[in-house]
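Structure, as structure tokens:
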Amino acid sequence: MKKALELHEFVKEVKRGNISIAEHTEKILEEAEKSNSKFHHFNLIAKKSALQHAKEIDAGIKTGQHKGKLLGVPITVKDCICVKNFESRAGSKILTGYLPLFDATAVAKAKAEGAIIIGKTAQDEFGFGTFSNNVGVDFEKPLNPIDPKRCCGGSSGGSAGFTALTSLAHASLGQSTGGSIASPASFCGVAGLTPTYGRVSRYGLIDYANSLDKIGSLGKTTADAALLLEVISGYDMNDSTSLKAEAQDLANANPSNDLRIGVVKEFFKACEEKVQKECMKAIDKLEEEGATVEEISLPLNAKYGIAAYYLASTTEASTNLARFCGMRYGLHGKLEGNFNEYFSKIRSQGFGTEAKRRILLGTFARMSGFRDAYYLKAMKVRTKLIKEFRQAFENLDVLVNPTMPLVAPTFSEINKLSPLQQYAMDLCTVPANLAGLPHASVKAGEHNKLPVGLMITADHLQEKKMVQAAKAAEGLK
Ligand code: GLN
């Protein structure tokens, strides 16, 4: 198959008049529709509006009206990120029929640079998962394009799956609470970038856990994902946790070979041997090319990361989901019985099993009588874990470890795992997310054709270093 043009090359060709955006958009829509019946990467394909938008841009280019860093680039958007007038369900039946009246800031910024939104991608319901196996009631699980018996990873599974599958220029907006961009990027062999918490506005993101959620990007290459991340970054007064940080030129950041790299011992040890081997090969090559590599230890993050994360995230999720009760957004029913009966009926029908489990777990962890022992304890632990990272970054530029402890598992392998065993698979990704640190996952190698992802974590607001390291790792042969 012909290699897709990188986005910056694509945009250059568009501006030279060598690519018709209408034709390119038509082609990718055709590919999306055709592949979707088998792989289920989309919850919605926006054919009509995408084609209309493409024609407008083509006409605008001729009159010199349309410019932009993403001119004519087809972008897919994870279902939990609102797009005006596109049904946005966060992969849940409970949001059936919800049509946002506005674009999420990240979407608006991409559109302002000429991007064309072609669809909403499949995900674990509200982001609750690691494999995209926890899709909402009546949704189909997205399948890995490398081997459809296997998962795409989660929760941004459809975004990573389609990014890997398409033969055309494209990038995707994903969302991470505890690793949902890195995990699917690793399992599908694409690049996934998660920014510092607050770097990209959360306005228009359907919340999972507010203190952890980030919108980020996925692309076939780090350069593609970096261009999209650069476009969506920036302060937004509509998000009170948005940072007033200096913008960084990520798209043109050169690969760097003189980084000080820390290899996280505990995260490595927790991974399957084949995964360790592929990642170690990539790290050895980085060292050969000039990086300084040392082993480092994050014992607190390794021991308490999962517990602190699942208490914090489910607590916040349980309050966030309270608003979905059949009165305001999405699913409605016939008003019968008293309010409690009505709410219970709608919520029982609208939420899937994992969402219900997390509502129960989170409500328990914040109940009076248990709050001090669980939620508040998790908050204290979180502070300690952040301190441990701070120390590590005193002498290092980036930390590296395998993104996931295994290659993409089959659905029958996943079904054998208990929910707790599934949560434990997030061991390497959850700590950076608890600390709000920017991190990338890039393909380090493969085992039996299945990709192995290397995770690169940088200090707060050091996205540029993260991209430079990711480009260096990705360029290794
Ligand atoms: N696997 C983690 C969870 O289930 C992370 C999900 C996410 O980042 N949205 O919570």
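For ligands, and for the atoms within them, numbers begin at 1 and follow the listed sequence. Any value given below was found using the heavy atoms of this structure, including those in side chains, with hydrogens, waters and symmetry copies removed.
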Keeping the roles fixed (side chain from Arg199, backbone from Lys214), state whether a donor-acceptor pair exists under 3.5 Å.
no
Between Asp426 and Thr130, is there a side-chain donor-acceptor contact under 3.5 Å, judged purely by atom types and distance?
yes
Would you please indicate if the ring centroids of Tyr203 and Phe102 are separated by under 6.0 Å?
yes
Please confirm whether the ring centroid of Phe324 lies under 6.0 Å from the ring centroid of Phe126.
yes
Answer yes if the side chains of Gln123 and Lys78 hold a donor-acceptor pair under 3.5 Å, and no otherwise.
no
Counting only non-hydrogen atoms and a 4.0 Å cut-off, the residues near ligand 1 are Gly127, Phe128, Gly129, Thr130, Ser155, Gln175, Ser176, Thr177, Gly178, Gly179, Ser180, Tyr208, Tyr309, Tyr310, Arg358, Asp426
Would you please say whether a donor-acceptor pair under 3.5 Å links the side chains of Arg382 and Ser211?
yes
